[in-house]
Amino acid sequence: MNSSHVEIKNCKDIYLAGGCFWGTEHYFKQIEGVVETEVGFANGHTANPTYKEVYTDTTGYAETVHVKYNVDVVSLEFLLQMFFKAIDPTSLNKQGHDEGTRYRTGVYYTDSEDLPVIEKVFAEEQKNYQQPLAVEKLPLENFYTAEEYHQDYLDKNPDGYCHLPLALFEFARQAKAKK
């Protein structure tokens with residue numbers, strides 16, 4: 001499970017913004033059925049943004065992980081349930097110590113047929129909170145891949161910064177989708 005391009009039948013894509021993309025990518029890479037991940041920037045309003053530009057919070061982009069998954073192994077519903085375990089869904093533009101619009105949470109889809117599943121998981125998750133969820137749920141408008149040094153960051157830098165607790169990565173490795 002690495003970022004090299006893998007051709008597998010029955011793959012779909014979902015784009016998940018869960019705060020700092022280093023930890024979010026590492027988390028999703030642990031889940032069985034995820035065949036490829038790539039970090040980048042989604043749903044902003046400038047062309048070809050750099051990390052430095054996105055960091056200013058003036059481009060409208062969210063740090064996002066493109067997750068390619070094998071539908072024969074893992075469902076979108078399960079991935080979204082796992083996503084909600086890795087974020088504070090009521091926190092607006094902030095996850096952990098990271099603050100700014102680039103750290104907003106969101107689910108960005110490319111297939112409108114995924115929307116009923118997304119709506120279902122959001123509705124189930126909302127029952128756990130009194131305040132409304134602050135997670136965007138939108139079609140993907142655009143996605144630009146981040147610079148190479150951001151890809152697989154925590155594999156390259158095992159002691160690198162991450163807002164997610166280490167136990168969450170082990171949880172993701174152990175999690176099994178119910179078939």
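Remember, predicted model here, so these are calculated numbers, not experimental data.
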> Sequence neighbours excluded, which residues qualify as ring pair (Phe, Tyr, Trp, His ring centres under 6.0 Å) partners of F122?
Replying inline: F84
> After noting the C-alpha distance and the side-chain angles of H66 and T37, does the key distance pass the side-chain contact (heavy atoms from CB on, under 4.5 Å) rule?
Replying inline: CA-CA 6 Å; H66 172 199; T37 58; over 6 Å; no
> So, N10 versus D72: side-chain donor-acceptor pair below 3.5 Å or not?
Replying inline: yes
> Pick from V73, V121, I31: which one makes a side chain to side chain contact (heavy atoms under 4.5 Å, CB included) with F78?
Replying inline: I31
> With a 3.5 Å cut-off and no angle check, do the side chains of D114 and S112 form a donor-acceptor pair?
Replying inline: no
> Any idea which heavy atoms bring G100 and D57 closest together, and the distance?
Replying inline: CA-OD2, 3.0 Å
>> Checking T58 now: which residues fulfil side-chain hydrogen bond (donor to acceptor under 3.5 Å, both in side chains) with it, not counting sequence neighbours?
In response: T56
Going by atom type alone, with no hydrogens or angles, which donor-acceptor pairs under 3.5 Å involve a side-chain atom of residues 103-111 and a protein atom two or more places apart or on another chain?
| unit_1 | atom_1 | unit_2 | atom_2 | d |
| --- | --- | --- | --- | --- |
| R104 | NE | E136 | OE1 | 2.9 |
| R104 | NE | E136 | OE2 | 3.2 |
| R104 | NH1 | G60 | O | 3.3 |
| R104 | NH1 | Y61 | O | 3.4 |
| R104 | NH1 | T101 | O | 3.0 |
| R104 | NH2 | G60 | O | 2.8 |
| Y108 | OH | E136 | OE1 | 2.4 |
| D111 | OD1 | E113 | N | 2.9 |
| D111 | OD2 | K12 | NZ | 3.1 |

> Can a donor-acceptor pair be found between the side chains of E53 and T59 at a distance below 3.5 Å?
Replying inline: no
>> Test side-chain contact (heavy atoms from CB on, under 4.5 Å) on E125 and V135; report intermediate values, then the result.
In response: CA-CA 11 Å; E125 192 62 30; V135 183; over 6 Å; no
>> With ring pair (Phe, Tyr, Trp, His ring centres under 6.0 Å) as the test, pick out the partner of F21 among Y153, F41, F143.
In response: F41
> In chain order, what residues pass the side-chain hydrogen bond (donor to acceptor under 3.5 Å, both in side chains) check against E170, with sequence neighbours excluded?
Replying inline: R173, Q174
>> For residues M82 and L164: do they belong to one hydrophobic cluster (side chain heavy atoms under 4.5 Å, members Ile, Leu, Val, Met, Phe, Trp, Tyr)?
In response: yes
> Taking all non-hydrogen atoms of both residues, which atom of A42 and which atom of L140 are closest, and how far apart?
Replying inline: CB-CD1, 3.9 Å
>> Restricting to non-hydrogen atoms, name the atom on T46 and the atom on Y144 that form the minimum distance, rounded to 0.1 Å.
In response: O-CE1, 3.8 Å
> Does a salt bridge link E148 with K156, judged by any charged N lying under 4.0 Å from a carboxylate O?
Replying inline: yes
> Taking only residues two or more places apart in sequence or in another chain, which ones pass salt bridge (charged side-chain N to carboxylate O under 4.0 Å, His left out) with K85?
Replying inline: none
> If you group Ile, Leu, Val, Met, Phe, Trp and Tyr by side-chain heavy-atom gaps below 4.5 Å, do I118 and Y129 land in one group?
Replying inline: yes
>> Which residues end up grouped with L92 if you chain together Ile, Leu, Val, Met, Phe, Trp and Tyr wherever their side-chain heavy atoms are less than 4.5 Å apart?
In response: none
